[in-house]
K.L.:
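One structure is given below, represented as structure tokens, and several questions about it will come after.
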Amino acid sequence: MKLHENLFVFVLLLWLVASFMIHGSNHHERKPYIVYMGDLPGESPSTTVVDDHHNLLLDAIGDEKIARESRIYSYGKSFNGFAARLLPHEATKLSNEEGVVSVFESRKQRVVTTRSWDFLGLNHRYSKRNPKIESNLIVAVLDTGIWIDSPSFSDEGYGPPPPKWKGKCVTGPNFTACNNKVIGASYFDLDNVSQYPESSVADTEGHGSHTASTVAGSTVEGASLYGLTKGTARGGVPSARIAVYKVCWNIFCSEMDVLAGFEQAIADGVDLISVSIGSLPMDFFRDGQAIGAFHAMKKGILTSCAAGNDGPELSTVENVAPWIMTVAATAIDRRFVTAFKLGNGNKFTGFSINTFSPKKQMYSLTSGAKASNNGTPYQGNASACDPEAISQSKVKGKIVYCLKTYTDPYIKSLGGTGVIQLTQQQSDYSSILLLPGVAIPSVSGKLIDLYINSTKNPKAVIYKSRTVKVDAPFVASFSSRGPQFISSNILKPDLSAPGIDILAAYTKLASLTGDMSDSRYSFFTVKSGTSMACPHATAAAAYVKSFHPDWSPAAVKSALMTTATPMKIKSEDVVLGSGAGQINPTKAVHPGLVYNISFNSYISFLCKEGYNSTTIGLLDGNKKYNCSKIKPAQGTDGLNYPTMHKQLSDPRSAIKAVFYRTVTHVGYGASLYRANISSPDGLSVKVFPDTLNFVKLHETKTFKVVVKGKPMPEGTWTQSALLEWNDSKHIVRSNILIYRQLN
Ligand SMILES: *[C@@H]1O[C@H](CO)[C@@H](O)[C@H](O)[C@H]1NC(C)=O
Ligand SMILES: *[C@@H]1O[C@H](CO)[C@@H](O)[C@H](O)[C@H]1NC(C)=O
Ligand SMILES: *[C@@H]1O[C@H](CO)[C@@H](O)[C@H](O)[C@H]1NC(C)=O
Ligand SMILES: *[C@@H]1O[C@H](CO)[C@@H](O)[C@H](O)[C@H]1NC(C)=O
Ligand SMILES: *[C@@H]1O[C@H](CO)[C@@H](O)[C@H](O)[C@H]1NC(C)=O
Ligand SMILES: *[C@@H]1O[C@H](CO)[C@@H](O)[C@H](O)[C@H]1NC(C)=O
Ligand SMILES: *[C@@H]1O[C@H](CO)[C@@H](O)[C@H](O)[C@H]1NC(C)=O
Ligand SMILES: *[C@@H]1O[C@H](CO)[C@@H](O)[C@H](O)[C@H]1NC(C)=O
Ligand SMILES: *[C@@H]1O[C@H](CO)[C@@H](O)[C@H](O)[C@H]1NC(C)=O
């Protein structure tokens with residue numbers, strides 16, 4: 001199912017409902033439903049499609065006349081399906097018919113807290129699901145543990161763990177038992193970093209609960225953070241099971257613990273592994289996460305990892321092994337904003353997640369500069385509200401204007417009642433502060449400073465945050481960018497997913513900010529980071545797997561990459577920031593073609609990359625691979641990757657790259673794919689052959705992509721092209737990126 005068409009149907013049907021009500025009708029007991037039937041059947045002319053729909057309706061309703069009258073519309077241009085007015089039992093009957101993908105009532109979408117899933121088109125009500133297979137999927141979350149008492153981990157309505165589950169449940173303080181949602185729990189503290197005399201998987205940070213609930217949290221109605229974005233919270237695959245591996249203590253994760261977590265998870269029989277943990281790029285045989293994920297891949301388990309939060313600088317991407325799915329963060333179309341008003345009536349809007357409602361109409365306002373303690377006892381930057389630089393008596397009970405962020409703990413400790421903080425950076429995410437506060441750009445800052453200096457009794461009030469709609473997606477400023485230098489011709493990050501201002505489960509073992517002086521505790525909180533993007537991609541992979549349980553990790557990743565939505569906002573580094581683009585889970589279920597990678601082709605890739613029997617042995621735990629006996633991997637990158645990438649180490653060299661690829665047909669019946677290349681002037685991209693004719697499922701075809709161009713002009717460091725295979729039903733998209741190293 002395609003997102004755009006899905007939305008189109010929804011809009012169309014709302015209109016139908018409206019006109020139906022205006023014109024009145026005696027069908028009032030029937031409600032409009034959409035019966036979605038997937039892709040169009042082969043070459044059949046549309047008249048038979050309409051007949052099919054009528055016959056299905058006749059079957060469900062049993063009366064020729066009513067069946068004819070109840071059909072509202074037949075879709076037959078880009079997918080198969082129809083809209084009809086049905087009674088609930090007729091809808092149920094239809095949903096069990098062969099060829100029917102899903103049947104859903106066309107009613108108004110409710111406000112949902114986990115907006116990110118709706119934004120991605122994976123709507124709770126309107127997306128086809130495979131609940132039986134989904135509930136047999138086990139997702140391992142390697143993180144800070146879990147707070148199992150959260151309503152997001154309630155197991156009401158869940159059956160026993162799937163029989164393939166071989167893991168255990170280790171209990172301890174604040175974690176007394178597993179349940180049918182959180183089916184397993186293990187912790188690893190090989191480095192003895194836990195300060196607690198007794199350990200357990202209990203989440204004292206909230207990070208692990210947040211990521212786990214984003215993947216597979218149960219549905220919770222009425223979730224919110226202090227009333228902000230009230231609605232329904234849920235994970236991407238709410239029927240799936242969670243296996244918890246606590247490998248991080250506070251925010252630190254020892255590599256040996258992480259690797260132990262991987263090993264345990266693989267042995268326990270999980271289907272996917274989600275790791276929102278950074279890992280600086282290293283040779284793969286020295287990189288715990290690369291090693292763990294390599295073993296997982298060998299067992300058919302896909303590992304999804306965060307790309308890192310070190311953007312927007314280039315070459316900051318982490319977790320770069322080609323068998324890992326490396327996830328960048330993008331924004332969803334909702335942002336938290338905080339308004340404030342000055343005593344002169346001027347209103348401003350900034351960013352923060354302010355849970356506090358003002359108790360007074362106005363508060364006294366001052367600035368760090370005016371509240372300086374004049375250097376006693378230490379010299380400090382008072383305008384920046386640096387610790388020790390402010391006089392307590394001058395800020396007590398006041399809102400303080402500071403020239404930098406993260407001043408809230410200090411101002412709170414002095415008895416201030418709020419902060420207005422200047423932010424130098426692009427501020428595309430919002431933070432929870434210890435007291436009423438807001439971050440603003442320098443343009444507004446100047447006006448505030450002027451106001452404070454120009455009046456005797458400056459005043460201000462900061463309002464509780466609200467959410468607004470913004471244009472999205474775009475790559476988060478903090479999201480780490482490519483290129484990478486470990487396997488320099490593999491483009492990373494792979495794809496992107498929502499990671500800004502994400503609401504998900506939290507822990508009651510920590511206050512909202514984690515600060516001791518904070519007395520706010522909440523079941524849910526809002527966080528930003530590639531840590532939040534990673535579990536979205538994990539869930540999307542699980543969703544694809546629930547339709548294709550036998551697909552390899554590379555096939556699942558390929559499906560998510562080639563169907564991703566490219567970023568709307570174009571810039572030189574957009575592909576280095578977002579990879580293939582933002583995941584589109586419902587589209588990824590029907591990718592048409594996949595770029596599959598076998599275990600052996602990873603080995604020949606490693607040989608090509610200069611790894612040898614010893615170093616592959618470190619990675620794999622098996623020294624039997626002798627690169628001189630293995631058929632060498634071909635082409636610039638030597639791997640059947642869904643994107644194509646070449647780095648030029650000599651900035652003056654001409655561009656020349658050759659990529660050999662094999663695609664597997666995963667659509668139905670015969671398909672003729674044509675290549676469509678978009679490339680900039682001066683970059684020649686040719687595909688041989690440029691048509692691929694498939695006659696049966698799982699057939700494979702190989703092709704070659706030749707990229708040629710003159711040396712890149714001064715001041716340019718990337719050239720980006722696009723290869724799309726199109727059979728008029730599927731678009732299989734691959735980015736081609738040439739990167740010129742800077743020196
Ligand atoms: C966590 O465990 C400790 C020790 O067993 C207990 O005192 C505390 O109340 C627990 N906290 C919560 C929120 O359950
Ligand atoms: C951690 O503590 C255990 C038991 O006290 C000890 O055997 C082990 O060597 C310690 N590990 C490290 C890395 O210090
Ligand atoms: C104080 O900090 C602000 C914000 O970081 C900066 O702009 C300013 O130059 C600093 N002042 C001094 C005297 O260092
Ligand atoms: C406001 O006054 C402070 C010191 O009291 C000074 O540092 C700052 O530059 C003034 N701002 C403006 C815009 O005049
Ligand atoms: C991909 O390759 C693996 C073996 O490496 C195979 O099991 C699988 O069927 C192939 N196709 C897909 C779509 O996963
Ligand atoms: C294998 O590669 C490693 C690291 O590059 C190197 O130190 C080692 O000497 C190589 N071993 C052989 C047998 O070539
Ligand atoms: C790998 O194979 C080559 C050629 O057959 C042989 O000369 C070499 O000794 C082998 N290396 C190892 C480490 O077994
Ligand atoms: C090729 O792709 C471009 C960009 O996506 C599109 O505008 C164009 O219509 C496509 N051409 C064909 C022949 O499909
Ligand atoms: C795919 O091919 C169809 C039929 O040739 C064409 O109508 C459509 O515009 C193409 N789509 C893209 C994105 O190139």
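Residue indices begin at 1 and follow the sequence shown. Whatever order the structure lists them in is the order used to number ligands and atoms, beginning at 1.
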K.L.:
Using a 4.0 Å cut-off to any heavy atom of T615, which atoms of ligand 6 qualify?
P.N.:
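In order of number, 2 (O), 3 (C), 4 (C).
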K.L.:
Is R335 salt-bridged to D428, going by a charged N under 4.0 Å from an acidic O?
P.N.:
no
K.L.:
What side-chain donor-acceptor pairs closer than 3.5 Å can you find for residues 344-352, not counting sequence neighbours?
P.N.:
residue : atom : partner : partner atom : Å
N344    : OD1  : N346    : N            : 2.9
S352    : OG   : T338    : OG1          : 2.7
S352    : OG   : G437    : O            : 2.7

K.L.:
For the pair C607/C627, is the SG to SG distance below 2.5 Å?
P.N.:
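Judged by the SG atoms alone, which are under 2.5 Å apart, C607 and C627 are bridged.
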K.L.:
Is there a donor-acceptor contact under 3.5 Å from the side chain of T636 to the main chain of V658?
P.N.:
yes
K.L.:
For F262, check ring pair (Phe, Tyr, Trp, His ring centres under 6.0 Å) against everything at least two apart and list the hits.
P.N.:
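Listed in chain order: nothing, the list is empty.
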K.L.:
Should the pair D637-R661 be classified as a salt bridge under the 4.0 Å nitrogen-to-oxygen rule?
P.N.:
yes
K.L.:
If you measure every N or O of N381 against every N or O of ligand 3, does any of those distances drop under 3.5 Å?
P.N.:
yes
K.L.:
Identify all pairs of nitrogen or oxygen atoms, one from ligand 7 and one from the protein, separated by less than 3.5 Å, and list them with distances.
P.N.:
residue  : atom   : partner : partner atom : Å
ligand 7 : 2 (O)  : N626    : OD1          : 3.3
ligand 7 : 2 (O)  : N626    : ND2          : 2.3
ligand 7 : 2 (O)  : S628    : OG           : 3.1
ligand 7 : 11 (N) : N626    : ND2          : 2.9
ligand 7 : 14 (O) : N626    : ND2          : 3.4

K.L.:
Applying ring-ring contact (aromatic ring centres under 6.0 Å, His included), which residue pairs with at least one partner in residues 629-655 are found, sequence neighbours left out?
P.N.:
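Every pair satisfying ring-ring contact (aromatic ring centres under 6.0 Å, His included) with a residue in residues 629-655: there are none.
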K.L.:
L403 heavy atoms, cut-off 4.0 Å: which ligand 3 atoms fall inside?
P.N.:
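Going through ligand 3 atom by atom, the ones under 4.0 Å from L403 are 4 (C).
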